[in-house]
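All chains are named by letter (A, B, ...) in the order of the sequence lines, taking the proteins before the strands, and each is independently numbered beginning at 1. What you are looking at is a predicted structure, and each value in this text was computed from that prediction instead of being measured.
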There are 2 protein chains.
Amino acid sequence: MDESAVSTAAVPSTAERILDAAEDLFAAKGYSATSLGDVADRVGIRSPSLYNHFKNKEALYEAVLERLLAEFSGPLAELDGGPVTNERVFYWLEAIVRQHHANPNLARLLQHAALSGGPHTNELIDRLFRPMFRPDAKIEGEGITLFENTGLQPWAVMAFNNLVMSYVTMAPMYRDLLGQDPFSETALENQLNLIKVLLHAVFEYKGDMTEAP
Amino acid sequence: MDESAVSTAAVPSTAERILDAAEDLFAAKGYSATSLGDVADRVGIRSPSLYNHFKNKEALYEAVLERLLAEFSGPLAELDGGPVTNERVFYWLEAIVRQHHANPNLARLLQHAALSGGPHTNELIDRLFRPMFRPDAKIEGEGITLFENTGLQPWAVMAFNNLVMSYVTMAPMYRDLLGQDPFSETALENQLNLIKVLLHAVFEYKGDMTEAP
DNA sequence: ATCGGAGGCGCGATTATTCACATTGGTCTT
DNA sequence: AAGACCAATGTGAATAATCGCGCCTCCGAT
């Protein structure tokens, strides 16, 4: 009765293969610049056959988004509860970075959505980022009154998020410039080290930032 | 002979108005998703008339790029020569941030190019960023052996650049979340403060970063 | 009168989408 | 076991819209 008695990893269904292809293409070219013909070509079928699995282009896009959101929901929600310490924030960031490293498509898709809109953009943003800005999720360590009393905290969260996501979306630009594959294992370690340094530096920062520029 | 004897800001020529419209649209939707019909509509003419001013779509795109590069070449090249101190780096970053704030289109266009390619992408990247990674442009202050002896320095440059550019490209996402216009004057001050803090923090950071995660 | 610049028209390619149809696999009936 | 049935899934052809782009005409300012 099993699809395969040898391996537990079943052969992907056509719908899944369509999702895989569509995810890559939507992430690379955005919603409107992606043609269903391209998607079908990658799967190895004709474009009308796509309509046996998805109602239309927009429904396919929604399905891609849904799968990506589910994939990233775990690490993103992992900071709920407990004290927000330097260490915990870093491990949280590390998990997110590794997730984006393993699948860069969400960041790319999100960047396209932020730039050009596209269907369900507002809902997408809400579901991903609203939890990060809930008032009860404030960073309240010991040394870091830094952001709180200056109103910078949400912007700091935004900055670190940008740091992580733009590493993915800008990566192609740096492949040549840095002479290294941004998605290699050593590059990942480099990025993690850098984030760690920035985070430690910010957590330990005691300087005055009220002086006028 | 002058276009206007009354005001030094002459009424923009049709070619310039086409460039303005095309810049906005290319920046918002990317190269292939932008139609010449949309451009013509914004200008208020029919799309065939565009060909009286530009050879084809690609030439129009090149012209947009050229104008943007010229607009940003000033601040970007301003760090050449002299010691690279904390203060100088910050004022350099501040100039760039203000430039992107005044015209966000270059960052958006660059992000599209990084994600989807498009004509002349490699040349574009080279002309903008190659100078930032010239070996003679190393950051060699006093306190900051931080990046040099760990090989992180180019990645740090990349990170701060990402910070600046993704503020622009991700801005639409944060408009709702933060309840503030990211391009307002106070938001600009916020971003500058945050960058200042990060930069100071990194410059003053004396921690150990050789420990294994 | 000349000529740059705008519009009208239309070709060929590509797009998303629909439809009629062929083929498959499995299930139910006999 | 054999044949009838059906749902799932593929195909090619066709449609309407939109795209980039070239050709030609005409108008208005110099």
Can you label the angle between the A:Phe183 ring and the A:Tyr167 ring as parallel, tilted or perpendicular, going by 30° and 60°? perpendicular

Tell me if the aromatic rings of A:Phe72 and A:His100 count as close, with their centers under 6.0 Å from one another. yes

How far does CG of B:Leu128 sit from CE of A:Met173, to the nearest 0.5 angstrom? 7.5 Å

Take the protein atom NZ of B:Lys29 and the nucleotide atom P of D:dT18, then report the distance between them rounded to whole Å. 12 Å

Worked verdict on A:Glu62 versus A:Arg67 for salt bridge (charged side-chain N to carboxylate O under 4.0 Å, His left out): CA-CA 9 Å; A:Glu62 288 173 29; A:Arg67 203 177 59 160; over 6 Å; no

Tell me whether the rings of A:Phe90 and A:His200 are parallel (<30°), tilted (30 to 60°) or perpendicular (>60°). perpendicular

Short heteroatom pairs, N/O only, protein and nucleotides 20-24 of chain C, under 3.5 Å:
none

Check step by step if salt bridge (charged side-chain N to carboxylate O under 4.0 Å, His left out) holds for B:Asp20 and B:Arg42. CA-CA 9 Å; B:Asp20 292 339; B:Arg42 284 216 185 185; over 6 Å; no

In terms of side-chain heavy atoms, does A:Glu58 have a donor or acceptor partner in A:His120 at a distance below 3.5 Å? yes

Value in whole Å for how far the C1' atom of D:dG20 lies from CG of B:Asp38: 13 Å

For B:Ser32, report the nucleic acid contact type (base, sugar-phosphate, nothing); a contact means any heavy atom under 4.0 Å. nothing

Rounded to the nearest 0.5 Å, what separation is found between the CG atom of A:Asn105 and the CD atom of A:Glu23? 4.5 Å

Rounded to the Å, how far apart are B:Tyr61 OH and D:dG20 C1'? 17 Å

Are more than 12 heavy atoms, taken from residues, nucleotides or ligands other than B:Glu71, located less than 6.0 Å from that residue's CD atom? yes

Output one letter per nucleotide in nucleotides 8-13 of chain D: B when a protein non-hydrogen atom lies under 4.0 Å from the base, S when only the sugar-phosphate is that close, - when neither is. -BBBBB

Expected string for nucleotides 25-30 of chain D under the B/S/- scheme (protein heavy atoms, under 4.0 Å, primed atoms plus P, OP1, OP2 as sugar-phosphate) is ------

Counting any heavy atom closer than 4.0 Å, what does A:Ser13 reach on the DNA or RNA strands: base, sugar-phosphate only, or nothing? nothing

Check the side chains of B:Tyr174 and A:Asn162 for a donor-acceptor pair under 3.5 angstrom, ignoring hydrogens and angles. yes

